[in-house]
J.: 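Shown below is the structure under consideration.
Both counts, for ligands and for their atoms, begin at 1 and track the order of listing.
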Amino acid sequence: MCGIIGYVGDRSAAEILISGLSHLEYRGYDSSGVALMNDKEVNIYKAPGKLINLIEILKTKQNICAKSKIGIGHIRWATHGLPTTQNAHPHTCNCKNLTLVHNGIIENYQELKKELEQLGARFSSQTDTEVAAHLIAYEYGKTKNLLKAMLNATKKIKGAFAFCAIHKNEPDKIVVAKRNAPLIIGIGQEENFIASDIPAIIEYTKKAIYLSDYQVGVIKKDSIEIYNDNGTLVPNKIEYLPFEAVAISKMGYKHFMLKEIHEQGDVVRNILAGKLLSPEKNVVLDEFKLTKKEINNIKRIQIIACGTSYHAGLVGKYILEKFAKIPVDVEASSEYIYRDTIADKNTLAIGISQSGETADTITAIKQIKEQESHVAIITNRVDSTLARLSDSLLPVNAGIEVSVAATKSYIAQLISLYLLTIYLFEQKGLEQYKEEIRTLKQELMELPSKIEAIVENTTNIQEIAKKYSCYKDFIFIARGINYPNALEGALKLKEISYINATGYSAGELKHGPIAMLDNNMPVLALLNTGVVYDKVLSNCEEAKARQAKLIAVTNYIEPKDVPLFDDIINVPLGSETIGPAINIVVLQLLAYYIAEYLGKDVDQPRNLAKSVTVE
Ligand code: F6R
């Protein structure tokens, strides 16, 4: 959460910082700020709200912007204190010589604050970051050296952080440090960059150093020095960044979310390429590192994830248990980490995360690694912390996802889970459902064109979105393998339109939620062919009897059942197993068009951030 950027070189730092922050807005966007340094001074500018407010301020500071060739910037997702100018980063110390931006949470900030107050520090914000600024400044007072001050200060700090600091007395450098929060140093020609994520700097360089936990870096325009926590210089490990700049443009779509929904056909093609060649051939999954013997020894699977990725994991449970015959638990990472969990070397742990930086999932995966389980990570970011923790890395290759609401990464995670399931089935040499597995492979290959058929004709969805956008509440119901999509569809709607939407297993409706039903409560049912068709239909009847407005998203509906529904959205036919990968596209579009119709900030919904790097 929050975005960090830094620049040192010969160009106007302000321009690079603003451009970088605009690519990091998806990480947080409730306030922003920059510190611009030249030989004589450091100038700090901050603004609450969207980045545009900061840009407006900088327009009036052209002189300072032109002469400042070094700077640090930050875009905030508030953790401590309201999103005000005072709480926006950068933060500084009493003498204002030290300036700091920070991503993460300092857990012992209250103790540190008390100690620093006794030493004379005066605080003007409610943030934990300001405490770190005072602490580094205090250490600077003892050492008169920013590198040493950072090394000493970070030893006293508990929690997660990526820091970027500058000091008026050392106007040629930025000093950085990190622990459990990502930070990369982009390498240019006579210029260097710092960012919490690749999109901020990819247009300037493809070469970078990933700072490791407990390291401190000193970045000048013509040198990068990395030290370990005892102050020893370590060799620079240069890597190549994986993204193209074009991937972060809207390409003519009104919102990134719509673009990303439209990309899903290609996302599926990409992930299947080289892995699923024909329904007759076995799935190739070289990235999965367990041998046949080890696969046969897997006694259980634990899937760990948050939010949308958690919903993908729930679909995974249905298919892995049915086809691979392995018991699966799916748990929200935040729940996994504060209890005594049981796992061992015969447990396969699967962490699912679009960003690969979700703090709760990282903590849970570290916990499970200690229990010697094999850790497979399904992620969109091969450069992420979770990717680095994996034993088997299963990249979903969905391309950068900018919209805060996850769409294409969800489909990609589902496809990854389908492939893994088929792979385990085939490696175990199982017989039951052999024909279904062949059909599933066929359907996976046909999936891109089915997705494209949905996104290319959205008239009906748009009309229904308009009709239902006035409702304040929504219920999504489904059963079986589509149940996780009821949760995901409701999540999509609530996060971008702020409509109170809840997903329920259709069978659970009568155990409580039915009390809420009346003609002000639309119920959207995922009605697919398969064993639960009649059951979902009965639950719809029960809802209708309470005068709820009923919408069906269906791949097949018996003509006799049509009159039950107020509105119907048809999706292409497919088996029960492939259903979630098809009908989710409709739910994403429905949420999108409702939010768009209500004039909401679709790509950057309030209070959210793309990458949740705090626990
Ligand atoms: C919802 C959404 C979030 C994320 C969750 C986990 O649209 O995007 O619920 O799914 O924060 O993030 P990752 O997948 O990056 O671990």
J.: Numbering the atoms of ligand 1 from 1, which are under 4.0 Å from a heavy atom of Ser309?
T.: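 Listed by number with element: 10 (O), 13 (P), 14 (O).
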J.: Run through Asp603, Asp601, Asp30 and flag the one making a salt bridge (charged side-chain N to carboxylate O under 4.0 Å, His left out) with Lys50.
T.: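 Output: one option passes, namely Asp601.
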J.: In the protein, what heavy atom is nearest to atom 4 (C) of ligand 1, and what distance, to one decimal place, separates them?
T.: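 In this structure, atom 4 (C) of ligand 1 has Thr308 N, 4.0 Å as its nearest protein heavy atom.
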J.: Looking only at protein heavy atoms, identify the closest one to atom 11 (O) of ligand 1 and say how far it is in Å.
T.: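 Nearest protein contact, heavy atoms only, for atom 11 (O) of ligand 1 is Val612 CG2, 3.8 Å.
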J.: Could you tell me which atoms of ligand 1, counted from 1 in the order shown, lie closer than 4.0 angstrom to a heavy atom of Ser353?
T.: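 Checking each atom against Ser353, I get 13 (P), 14 (O), 15 (O), 16 (O).
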J.: Which ligand 1 atoms does Val404 reach within 4.0 Å, using its non-hydrogen atoms?
T.: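 Those atoms are 7 (O), 8 (O).
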J.: Could an N or O of ligand 1 be found under 3.5 Å from any N or O of Ala406, whether backbone or side chain?
T.: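 There is such a contact, yes.
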J.: Verify whether the ring centers belonging to His311 and Tyr410 lie closer than 6.0 Å.
T.: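 Here the rings of Tyr410 and His311 have centres that are no less than 6.0 Å from each other.
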J.: Report yes if some N/O of Thr361 lies less than 3.5 Å from some N/O of ligand 1; otherwise report no.
T.: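 In fact, backbone or side chain, Thr361 has no N or O that close.
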J.: What is the nearest protein non-hydrogen atom to atom 7 (O) of ligand 1, stated with its residue, atom name and distance?
T.: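 Result for atom 7 (O) of ligand 1: Glu495 OE2, 2.6 Å.
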J.: Backbone N or O of Ile271 within a donor-acceptor pair of the Asn397 side chain at under 3.5 Å?
T.: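 Checking the backbone N and O of Ile271 against the side chain of Asn397, no donor-acceptor pair under 3.5 Å is found.
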J.: Short question: side chain of Ser373, backbone of Asp344 - any donor-acceptor pair under 3.5 Å?
T.: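 Yes, because the side chain of Ser373 sits within donor-acceptor range (under 3.5 Å) of the backbone of Asp344.
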J.: Numbering the atoms of ligand 1 from 1, which are under 4.0 Å from a heavy atom of Lys492?
T.: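 Counting from 1, the qualifying ligand atoms are 1 (C), 7 (O).
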